[in-house]
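Right, one structure below, let's go through it.
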Amino acid sequence: GRGVGGGGGVFFFNDTATNEIYTLALHDALPISNFFLVGTTKGGTSTLHRWLEQHPQIFLPARKELHYFCHCPDRGLNAIRSSDEYEGIFSSATQPVVGEATPCYMYYPDVADAIYAKFPSSRILITLRDPVERFWSHYLMNEVYLPTGLPPEEIVDMNLRDEASTALDDLIGVGMYHDQVRRFMSVFGRENVFVTFLEDIAAEPTRVSEAIQRFLEIPTIDLDTTQRDKQYVEPRNRVGKIALRNPRVRSIGVAILPWRVRRFLRTRILGDPGRKPVMSEALRERLWSLYRSDSVDLEALLKRPLPWSRHR
């Protein structure tokens with residue numbers, strides 16, 4: 001690969017970091033080490049963003065998902081298109097490590113090269129998830145924010161007919177991880193790619209947090225790993241539906257309420273996380289038949305067992 005760095009193998013949640021530190025002058029007076037949290041969608045990127053923004057040596061924009069390096073249709077994403085606007089977001093950074101998180105970066109074939117062309121010394125963070133569970137979470141999210149009214153089986157059919165070509169719509173393709181991960185390894189070098197899983201984030205949050213800090217070569221400190229984001233909740237009543245589903249109301253809440261207050265309101269007052277719709281067994285089996293081969297290839301690429309096992 002064209003990556004720079006020492007050591008061998010892919011970084012996983014229990015790996016140690018290499019001893020070299022890489023910097024890139026984004027601004028002439030500020031040498032920084034860049035990292036990108038590139039995916040996957042509904043794989044835990046928001047939770048990792050919550051953790052990492054606590055570290056005093058990391059600068060992360062308050063806004064997650066800048067979409068600068070990809071070509072997602074806007075659809076309310078407010079994607080950053082101007083290089084001046086993009087660099088301006090980081091102009092106040094004084095921390096030695098600067099990153100951003102846009103989970104759809106992993107999906108688009110040209111993004112790894114685009115990031116490398118601008119920031120060749122960057123490190124890449126990837127968090128994956130059982131692809132069947134990821135599909136279902138993505139489907140539920142879309143039906144909240146980009147509703148089609150279609151049953152999930154029809155979404156699968158549309159994806160298989162190649163009628164979706166974006167990370168917003170290609171729910172099957174987003175979960176085909178092997179080629180996406182391999183691209184970033186090829187461009188940046190395996191040693192500069194850290195791969196973890198939502199299942200590990202949930203089961204061993206402290207170990208994952210510490211491993212990521214070692215990978216970024218910053219002092220390992222205790223981060224509040226109880227912070228979890230983007231949990232699905234079903235509105236409890238009409239008021240909850242307005243508050244949780246109306247984009248304008250949600251944006252006002254994000255602007256004026258602290259995150260912990262919003263989480264309390266979402267999960268205790270306005271919504272019920274225990275009422276999440278359940279995927280049918282028929283759909284689950286169909287999805288596994290689609291993902292089995294990719295999971296076999298991914299496991300071989302990563303040289304470690306995946307935290308899901310239906311492909312074996």
Side-chain angles (χ1 to χ4, degrees), residues 4-5 17 20-39 41 44-72 74 76-106 111-112 114-127 184 188 192 194 209-210 212-225 227-230 247 250-263:
V4 293
E20 300 172 59
I21 297 177
Y22 305 102
T23 59
L24 174 69
L26 177 61
H27 306 285
D28 292 340
L30 178 62
I32 62 174
S33 176
N34 298 290
F35 74 90
F36 291 85
L37 178 53
V38 299
T41 301
T45 58
S46 294
T47 292
L48 292 187
H49 190 275
R50 288 283 178 199
W51 294 0
L52 293 174
E53 67 183 359
Q54 301 171 46
H55 201 292
Q57 293 199 17
I58 293 178
F59 176 89
L60 278 167
R63 173 188 163 185
K64 179 174 171 276
E65 304 192 28
L66 303 180
H67 295 277
Y68 176 70
F69 288 98
C70 63
H71 307 289
C72 284
D74 201 271
L77 295 175
N78 297 316
I80 303 298
R81 299 304 185 200
S82 158
S83 60
D84 288 343
E85 184 180 3
Y86 183 76
E87 294 185 6
I89 290 173
F90 304 94
S91 61
S92 62
T94 58
Q95 296 89 331
V97 176
V98 176
E100 70 129 313
T102 301
C104 73
Y105 282 170
M106 206 172 89
V111 168
I115 294 175
Y116 185 87
K118 194 171 182 68
F119 304 117
S121 300
S122 295
R123 295 185 179 186
I124 304 300
L125 302 181
I126 294 173
T127 174
F184 277 94
F188 288 92
N192 292 312
F194 181 104
S209 164
E210 291 176 351
I212 291 174
Q213 293 175 71
R214 290 195 299 268
F215 172 71
L216 296 176
E217 302 199 59
I218 52 179
T220 301
I221 64 173
D222 290 333
L223 302 178
D224 180 4
T225 57
Q227 296 197 23
R228 309 294 170 86
D229 208 354
K230 297 294 180 71
R250 289 178 58 251
S251 64
I252 292 172
V254 170
I256 66 176
L257 295 175
W259 175 77
R260 288 186 182 277
V261 173
R262 299 200 310 272
R263 182 175 68 169

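Start at 1 with the first residue, then count along the sequence. Below, each value reflects all heavy atoms present in this structure, side chains not excepted, and no hydrogens, waters or symmetry copies.
- The minimum heavy-atom distance linking Phe59 with Ala93 is given by the pair CG-CB, 3.6 Å.
- Nearest heavy atoms, Ala114 versus Phe69: O-CE2, 3.6 Å.
- Residues forming a side chain to side chain contact (heavy atoms under 4.5 Å, CB included) with Glu85 (at least two apart in sequence, or on another chain): Ile80, Ser82.
- With a 4.5 Å cut-off on side-chain heavy atoms, Asn192 and Arg123 count as touching.
- Judged purely by distance below 3.5 Å, without hydrogens or angles, the side chains of Gln213 and Ser209 pair a donor atom with an acceptor atom.
- Residues passing the side chain to side chain contact (heavy atoms under 4.5 Å, CB included) test with Ser83, sequence neighbours excluded: Tyr68.
- Qualifying side-chain hydrogen bond (donor to acceptor under 3.5 Å, both in side chains) partners for Thr127, counting only residues two or more places apart in sequence or in other chains: none.
- Considering all non-hydrogen atoms of both residues, Phe90 and Gly99 come closest at CE2-O, 3.6 Å.
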Side chain to side chain contact (heavy atoms under 4.5 Å, CB included) between Val38 and Val111, intermediate numbers included: CA-CA 9 Å; Val38 299; Val111 168; 5.9 Å; no

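- One finds the CD1 atom of Ile218 at 9.5 Å from the CD1 atom of Ile212 (value rounded to the nearest 0.5 Å).
- With sequence neighbours left out, the side chain to side chain contact (heavy atoms under 4.5 Å, CB included) criterion links Pro219 to His55, Gln57.
- Residue Ala101 comes nearest to His49 through the heavy atom pair CB-CD2, 3.8 Å, listed as atom of the first residue, atom of the second, then distance.
- Legend: residues meeting ring-ring contact (aromatic ring centres under 6.0 Å, His included) with Phe184, ordered by chain and number and at least two apart, are absent.
- Contact check for Ile115 versus Phe188: side-chain heavy atoms found under the 4.5 Å cut-off.
- Two residues are said to be in side-chain contact when any heavy atoms from C-beta on lie closer than 4.5 Å; Leu125 and Leu52 meet this criterion.
- Put simply, CG on Leu48 and OG1 on Thr225 are 11.0 Å apart, with the number rounded to the nearest 0.5 Å.
- The residues Lys64 and Glu53 are annotated as not salt-bridged, no charged nitrogen and carboxylate oxygen being separated by less than 4.0 angstrom.
- With rounding to the nearest 0.5 Å, the separation of CD1 in Ile124 from CZ in Phe194 is 13.0 Å.
- What you find for Gln95 and Ile58 is that their closest heavy atoms are NE2-O, 3.7 Å.
- Between Phe35 and Leu216, the closest side-chain pair of non-hydrogen atoms falls below 4.5 Å.
- Among all heavy-atom pairs drawn from Gly88 and Ser91, the shortest one is O-OG, 2.8 Å.
- We find the CG-CZ distance between Leu223 and Arg50 to be 14.0 Å, quoted to the nearest 0.5 Å.
- Within the 4.5 Å cutoff, side-chain heavy atoms of Phe119 are placed close to those of Phe36.
- Counting heavy atoms from C-beta on, the side chains of Lys118 and Glu87 come closer than 4.5 Å.
- Within the 3.5 Å criterion, the main-chain N or O of His67 finds a donor-acceptor partner in the side chain of Arg81.
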